[in-house]
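The next block holds one structure in the form of structure tokens; read it before the comments.
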2 protein chains.
Amino acid sequence: MKKLSNKERIVAVAERLFAERGYDGTSLREITREAGVDVALVRYHFGNKQGLFDELLRRRAEALNLERSDALDAVLARNDPAPVEEIVDAFTHTLLNKVVSEDPTWRSYFGMLAQVNNNPEWGGKAMSRHFDPLVRRFLDALRRAMPDADETNLFWCYHFWSGALTLTFADTKRIDALSGGLCHSSDFEAVHQRLVPFISAGFRALCQPQGDNTHD
Amino acid sequence: MKKLSNKERIVAVAERLFAERGYDGTSLREITREAGVDVALVRYHFGNKQGLFDELLRRRAEALNLERSDALDAVLARNDPAPVEEIVDAFTHTLLNKVVSEDPTWRSYFGMLAQVNNNPEWGGKAMSRHFDPLVRRFLDALRRAMPDADETNLFWCYHFWSGALTLTFADTKRIDALSGGLCHSSDFEAVHQRLVPFISAGFRALCQPQGDNTHD
DNA sequence: GTCTATAGCTTGATAGAC
DNA sequence: GTCTATCAAGCTATAGAC
């Protein structure tokens, strides 16, 4: 553990605990106890519990959005309309690369996102606020790649995509049991190899109409 | 409101509140206050808070598993190996039909499942306990439909599928904002039309190898 | 089965000294 | 920026009367 300020120590521990136990499952006293700082410092630095959580969400979202936007730009600079696979890849691999290789605290951040994305009370609003502008850029690129796509299909495909990513980041170890130890929910490299072709095929099935592809 | 026993009133309210606010975000006092019964009755009927939650999970899982197992049997009786689409359909539509048409309390149940499936602490175990035997039957059918499939790919495809379904049931209204009001997260009929072709295409892309379809 | 009463603890928040 | 001290409120769990 490097020399961190008290504020940084709160941030580091809070990110991990919120990811593991959720917002309501984590108390300020647990956070500050593990961080070795006084409870009252949360109020001083972040106002209150929700302020702390929001700040954690905001911090990394900014950096992430810039990076993913650049990844999309690079794809489109080579080719516009770009192939579906490359667009999906730009969105997805930026995340998965962080989890696979870089500093391990990103895993906690994505674990937090998994909980936020599935929270029926305020999760939708929070995700929209932080990520929808970026998502719209990706959907624009996909719309140019599949110009005959029905608008609603594009949005629902993104929804399925987001759900698949989210469950991955939740890292619940269910697939470990289901597969009898063959797969591991924390094997983000395995997801990295499979998610792009899976999602791209889904997009093509619904958004590149040859006749009507909807079901029923 | 019909004439319900106190136990039934607790069940009804608890299901709704757990779905809306999660396990940690819901207190026994809220549940019993809304149900109009005494807090101590939770202890009498369910032991404790976790016992109540587990019972809610278990109750409907049984009925659901029987129904979905029958749906798979019907598909396989017509054709084995069955087409991928029909297998996916049997798994998915049993759920979505309940949400679209039948008694509205099923929505709460699926909302609870969405929270459990994404819970990194005990969610994986709980989902496995209640649903993995059934899921294995479906994966067996899919394996026969795509005999050259790599085993790990089958499991990961199910994982993506589960994630897409789960986010749907979380019903966070994010897609409402993202789509500018064009789509609604509670429009399970729309999901019903799109999820089966989306997921089936993903399975085919990864599990019906023509050369290597993994990415990178 | 249902209720009263309460034990025992934890929670988020905050006033105020340093 | 940091800490002590404390508040009011909430929580789960449970013993015991009816």
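Order of the sequence lines fixes the chain letters, A, B, ..., with proteins taken first and strands second; residue numbering starts at 1 for each chain. Every heavy atom of this structure was used, including side-chain atoms; hydrogens, water molecules and symmetry mates were not.
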Could you tell me which residues satisfy salt bridge (Lys or Arg N to Asp or Glu O under 4.0 Å) with Glu30(B), sequence neighbours excluded, listed by chain and number? Arg21(B)
Taking the six-membered ring for Trp, is the centroid-to-centroid distance between Trp122(A) and Phe53(A) below 6.0 Å? yes
Output every pair passing side chain to side chain donor-acceptor pair (under 3.5 Å) with a member in residues 32-41 of chain A, not counting sequence neighbours, ordered by first then second residue. Arg16(A)-Glu34(A)
Taking side chain to side chain donor-acceptor pair (under 3.5 Å) as the definition, give me every residue that meets it alongside Glu121(B), ordered by chain and number, with sequence neighbours left out. none
Thr92(A) and Trp161(A), any side-chain heavy atoms less than 4.5 Å apart: yes
Is it true that Arg60(B) and Glu67(B) have a side-chain N and a carboxylate O under 4.0 angstrom from each other? no
Note: contacts of residues 30-40 of chain A with DNA chain D (heavy atom, under 4.0 Å) are Asp38(A), Ala40(A)
Mind checking which nucleotides bracket the chain B contacts on DNA chain C, 5' to 3', with an atom under 4.0 Å from a heavy atom? dG1(C) to dT4(C)
Compute the bend angle of the helix from dG1(C)-dC18(D) to dC18(C)-dG1(D) from the end axes (five pairs per end), rounded to 10°. 10°
ring-ring contact (aromatic ring centres under 6.0 Å, His included) contacts in which one or both residues fall within residues 28-50 of chain A, not counting sequence neighbours: none
Selection: residues 41-52 of chain B, any non-hydrogen atom under 4.0 Å of DNA chain C: Leu41(B), Tyr44(B), His45(B)
Out of Thr166(A), Leu167(A), Asn118(A), which one pairs with Asn117(B) under the side-chain contact (heavy atoms from CB on, under 4.5 Å) rule? Leu167(A)
List the residues meeting side chain to side chain donor-acceptor pair (under 3.5 Å) with Asp132(B), not counting sequence neighbours, and say none if there are none. Arg174(A), Ser128(B)
Could you work out, with ring-ring contact (aromatic ring centres under 6.0 Å, His included) as the rule, every residue matching Phe138(A), not counting sequence neighbours? Phe91(A)
Suppose we screen for side chain to side chain donor-acceptor pair (under 3.5 Å). Which residues come up paired with Asp73(A), at least two apart in sequence or across chains? Arg137(A)
Which residues share a side chain to side chain donor-acceptor pair (under 3.5 Å) with Ser186(A), sequence neighbours left out: none
Using a heavy-atom cut-off of 4.0 Å across all strands, would you classify Thr26(A) as base, sugar-phosphate, or nothing? sugar-phosphate
